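Have a look at the structure below, then the notes.
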2 protein chains.
Amino acid sequence: MVTSKEVHMQDLIRQAEALCQRSGMAFTAPRRRVLEILAASETPMKAYDLISKAGEGGQATKPPTVYRALDFLCQLGLVHRIEQDATFVACNHAGHAQPVALFVCNSCLKATEVAYGEVSPILEKAAAAKGFNLQRLVVEGRGQCQDCAMAA
Amino acid sequence: MVTSKEVHMQDLIRQAEALCQRSGMAFTAPRRRVLEILAASETPMKAYDLISKAGEGGQATKPPTVYRALDFLCQLGLVHRIEQDATFVACNHAGHAQPVALFVCNSCLKATEVAYGEVSPILEKAAAAKGFNLQRLVVEGRGQCQDCAMAA
DNA sequence: CCTAGTATGTTATTACATAACACCCTATAT
DNA sequence: ATATAGGGTGTTATGTAATAACATACTAGG
Ligand SMILES: [Zn+2]
Ligand SMILES: [Zn+2]
Ligand SMILES: [Zn+2]
Ligand SMILES: [Zn+2]
């Protein structure tokens, strides 16, 4: 059986390869490994869990290796960092034409990615009203996901 | 001369006293000290800068003391934590009927607090469309503030 | 008194992230 | 062919953020 997780991962990997090709960067082994681990995870992961996981089996992996890979993948938009709790999650939709908000469930800890294209201009206007020119926006939430609401 | 910062600080202190009175909590020395330092600062502060500052003059102050005060003040809404860079800033408007976004200037590092009451329901709806029940929302930005735009 | 609740002080430790330097690989210019 | 520049990794060490755990103190109510 092929899970949807596995399909998603293969998509991400292909996307990563394509993006790197285009921008003349290398999709190297540590970068691939980090992306695979994140894509396979049900929930966002802490950097040090990722470091341990990456070190399983093969050679020990150290913080800088993983943090470099994370920086790279975040810049490409293949991975998102959740600021609230310093975790990292693989992007779950191809490409980022739209900015996204990340909502984390307090029960199961899974992250839901939500586009807020309509909202972002309003925030930019609200900022502009105070003379602030917005360049980067972070929208994150906490609450209860659909599955957990059903279960309760 | 009495600066607007000083007035703002006195407002905050009075607010803190009132809030504590109502909820049966104590506005103690370390809490007051932390709030004063934050209110006097031009920019959001890192916890450890706050710890150093709090220790100036009097007895040395250690991390737990300050982190406890910060937790307390954040719960009361008198201080906000900026998740992006783990800094803390005193609230600059009395009370929080409205949720606020914090926009930090990349040049001068000052934070601008912006109400987004109209926006928050839209985000809640966007989340609800995916079955997500939103309980807490973080909206933060980076960009250029008015003063720095003028200067440039 | 005694005790429950709130809060602080102190020591130690855990968790998150980066600086700095040596080394490797590959492309391209001379 | 070889020099050199850019991008990338490996490794050591360190810097920075936050909390665990336990002892102590103050205060209000029984
Ligand atoms: Zn995404
Ligand atoms: Zn859930
Ligand atoms: Zn505020
Ligand atoms: Zn500015």
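Order of the sequence lines sets the chain letters (A, B, ...), proteins ahead of strands, with each chain counted from 1. Since the structure is predicted, the reported quantities are computational estimates derived from the model, not experimental observations.
Atom OH in Y67(B) sits roughly 19 Å away from atom P in dT13(C) (whole-Å rounding).
Side-chain atoms of Q84(A) and E140(A) include a donor-acceptor pair closer than 3.5 Å. Side-chain N/O atoms of N106(A) and Q135(B) include a donor and acceptor closer than 3.5 Å.
By the 6.0 Å contact criterion, CD on E17(B) is enclosed, its count of non-hydrogen atoms from other residues, nucleotides or ligands being greater than 12. For E118(A), the CD atom is loosely surrounded, since the number of other residues' heavy atoms within 6.0 Å does not exceed 12.
In plain terms, the two heavy atoms of A69(B) and V34(B) that are nearest each other are CB-CG2, 3.8 Å. When all heavy atoms are compared, the tightest approach of P44(B) to L109(B) is CD-O, 3.2 Å. Minimum heavy-atom separation, H80(A) to V100(A): NE2-CG2, 4.3 Å. Here the closest non-hydrogen pair linking L35(A) and A16(A) is CD2-CB, 4.0 Å. Heavy atoms only, all atoms of each residue included: C91(B) and L12(B) are closest at O-CD1, 3.8 Å. When all heavy atoms of D85(B) and R142(B) are compared, the pair lying nearest together is OD2-NH2, 2.6 Å.
Of the residues in residues 44-57 of chain B, K46(B), A47(B), Y48(B) come within less than 4.0 Å of DNA chain D through at least one heavy atom, sorted by number. Listed by residue number, the members of residues 71-85 of chain B with any heavy atom below 4.0 angstrom from DNA chain D are R81(B). Residues from residues 20-39 of chain B with heavy atoms under 4.0 angstrom of DNA chain C, sorted by number: M25(B), A26(B), T28(B), P30(B), R31(B).
Considering only the side chain of A86(B), dA17(D) comes nearest among dG10(D), dA17(C), dA17(D).
If you check distances only, the side chain of R68(A) does reach the base of dG10(D) with a donor-acceptor pair under 3.5 Å.
Nucleotides of DNA chain D nearest to F88(B) and P64(A) differ in position, and the one nearer the 5' end is that of P64(A). Nucleotides of DNA chain D nearest to A69(A) and P63(A) differ in position, and the one nearer the 5' end is that of A69(A).
Distances shown here put every side-chain N or O of K62(B) at or beyond 4.0 Å from the OP1 or OP2 atom of dG9(C).
Side chain of R33(A) to main chain of A54(A): a donor-acceptor pair is present (N/O by atom type, distance under 3.5 Å, no hydrogens or angles).
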